[in-house]
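Values below: every heavy atom of this structure, side chains too, minus hydrogens, waters and symmetry copies. Lettering follows sequence order; numbering is per chain, from 1.
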There are 2 protein chains.
Amino acid sequence: MLSKKTQYAFHALVHLAENVDKGPILISEIAQEKNISIKFLENILLELKNAGILGSKKGKGGGYYLMRPPKEIALAKIIRLLDGPIALLPCVSLNYYERCENCRDEAVCGLNEVMGKVRDSALKILENKTLKDILTRNS
Amino acid sequence: MLSKKTQYAFHALVHLAENVDKGPILISEIAQEKNISIKFLENILLELKNAGILGSKKGKGGGYYLMRPPKEIALAKIIRLLDGPIALLPCVSLNYYERCENCRDEAVCGLNEVMGKVRDSALKILENKTLKDILTRNS
DNA sequence: TTATTAGTCTATCTTTTTTATAGGTTTTAT
DNA sequence: ATAAAACCTATAAAAAAGATAGACTAATAA
């Protein structure tokens with residue numbers, strides 16, 4: 001399961017994407033709208049900013065905004081940033097690989113093979129679906 | 001990522017599957033073979049037994065054994081038992097569903113829709129692949 | 001029938017991760 | 001100047017993960 005942090009991030013990003021034309025959006029507005037602790041959300045948005053996904057403006061009239069159009073922000077990127085590996089096992093992770101401590105040879109490990117396929121099937125979706133694809137439907 | 005518990009369970013089950021013809025297998029043998037803490041493994045095997053996946057025999061000549069042939073034990077079952085939900089979000093979990101606290105209506109939530117697809121693609125593999133499919137390749 | 005073997009059960013403990021909060025600092029618009 | 005709002009760092013509380021301990025029970029063999 002994705003952590004609350006990542007879940008909150010997605011909801012916040014959706015709100016920002018749905019209001020791209022309104023200039024910087026307040027943390028407090030997002031927090032209220034999406035029912036998220038404001039202080040926790042603050043940390044999350046900051047992390048997204050430091051990763052170059054969000055921009056911000058301080059002072060009156062400030063807030064957060066997307067640095068790129070929603071269709072250019074892949075879901076996989078957000079997950080990896082806040083949650084780490086998408087794969088179910090360290091030994092099949094593309095970005096956070098770790099050697100398996102429990103098997104002799106990954107090259108012939110059937111678990112490794114199957115979990116690699118699960119990873120691929122998840123990535124096929126998560127690398128291609130973007131913020132744009134998770135905006136509210138039918139609206 | 002799967003917990004160590006689930007990872008250990010898979011490796012242990014593979015060992016049991018690869019030795020089905022040798023009668024009950026000792027916890028200690030599995031622990032040594034797969035490099036797992038024996039006491040931790042003890043708890044895991046017990047849980048698998050209580051779930052009806054393994055059987056056991058006490059005393060000399062005792063040990064653990066599979067209750068069904070490897071090809072009848074789906075990977076999804078093991079994951080759900082020891083790790084819980086396979087889905088990335090509570091609101092798309094089939095077995096551990098929880099209402100989303102951060103969106104107004106799941107029926108029109110795009111995140112819900114995409115994560116549902118990720119779940120389906122993972123389940124398509126994990127429900128159909130069994131212990132038999134994760135035995136050591138080329139042997 | 002006793003000693004040994006091996007799983008059973010329950011509790012606890014340690015460490016890590018997750019989730020959340022607190023409070024001061026800096027920047028910007030008016 | 002003042003107020004608004006993000007920035008930053010630290011810490012704390014809670015939960016989960018990972019691991020260990022030890023007494024108990026059942027089966028087997030001598």
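- A straight line from CG of Leu48(A) to C1' of dA6(D) spans 14 Å, rounded to a whole angstrom.
- Computed from coordinates, the Leu46(A) CG to dA20(C) C1' distance equals 16 Å when rounded to whole Å.
- At least one side-chain nitrogen or oxygen of Tyr8(A) sits closer than 4.0 Å to the OP1 or OP2 atom of dA20(C).
- For Ser56(B), whose side chain is taken as the heavy atoms from C-beta onward, the closest listed nucleotide among dA29(C), dG7(C), dC8(D) is dG7(C).
- Listed nucleotides dT5(C), dA20(C), dA5(D) differ in distance to Lys60(B); the shortest reach to its side chain belongs to dT5(C).
- Listed nucleotides: dA20(C), dA6(D), dT20(D). Nearest to the side chain of Ile27(A): dA6(D).
- With DNA chain D read from its 5' end, the first of the two nearest nucleotides for Lys39(A) and Gly59(B) is the one closest to Lys39(A).
- Within a 6.0 Å sphere centred on NZ of Lys34(A), other residues, nucleotides and ligands contribute more than 12 heavy atoms.
- Of the listed nucleotides (dT20(D), dT28(D), dT9(D)), dT20(D) has the atom at the smallest distance from the side chain of Asn43(B).
- Taking the side chain of Lys4(A) as heavy atoms from C-beta on, and the options dT19(C), dA19(D), dG7(C), the nearest nucleotide is dT19(C).
- In this entry the distance linking OH of Tyr65(A) with C1' of dT28(C) reads 13 Å, nearest Å.
- The local environment of CD in Glu127(B) is crowded, with over 12 non-hydrogen atoms from other residues, nucleotides or ligands closer than 6.0 Å.
- At least one side-chain heavy atom of Gln7(B) sits less than 4.5 Å from a side-chain heavy atom of Pro90(A).
- The separation between Lys5(B) atom NZ and dT20(D) atom C1' is 15 Å, rounded to whole Å.
- Comparing Lys58(B) and Lys49(A), the nucleotide of DNA chain D nearest to each residue sits closer to the 5' end for Lys49(A).
- Taking atom CD on Glu47(B) and atom C1' on dG7(C), their separation rounds to 16 Å, with Å as the unit.
- No side-chain N or O of Glu33(B) forms a donor-acceptor pair with one of His11(B) less than 3.5 Å apart.
- Contacts of Leu45(B) with the nucleic acid, taken as non-hydrogen atoms under 4.0 Å apart, are absent.
- Residue-to-nucleotide proximity on DNA chain C shows that, of Leu2(A) and Glu42(A), the 5′-proximal contact is made by Leu2(A).
- Side-chain atoms of Phe40(B) lie closest to dT20(D) of the nucleotides dT20(D), dA6(D), dA27(D).
- To the nearest angstrom, C1' of dT19(C) lies 13 Å from CG of Asp83(A).
- At whole-Å resolution of the value, CD1 in Ile44(A) and P in dT18(C) are 12 Å apart.
- Within a 6.0 Å radius of CE in Met67(A), other residues, nucleotides and ligands contribute 12 heavy atoms or fewer.
- Here the C1' atom of nucleotide dT17(C) and the CE atom of Met1(A) are 16 Å apart, to the nearest Å.
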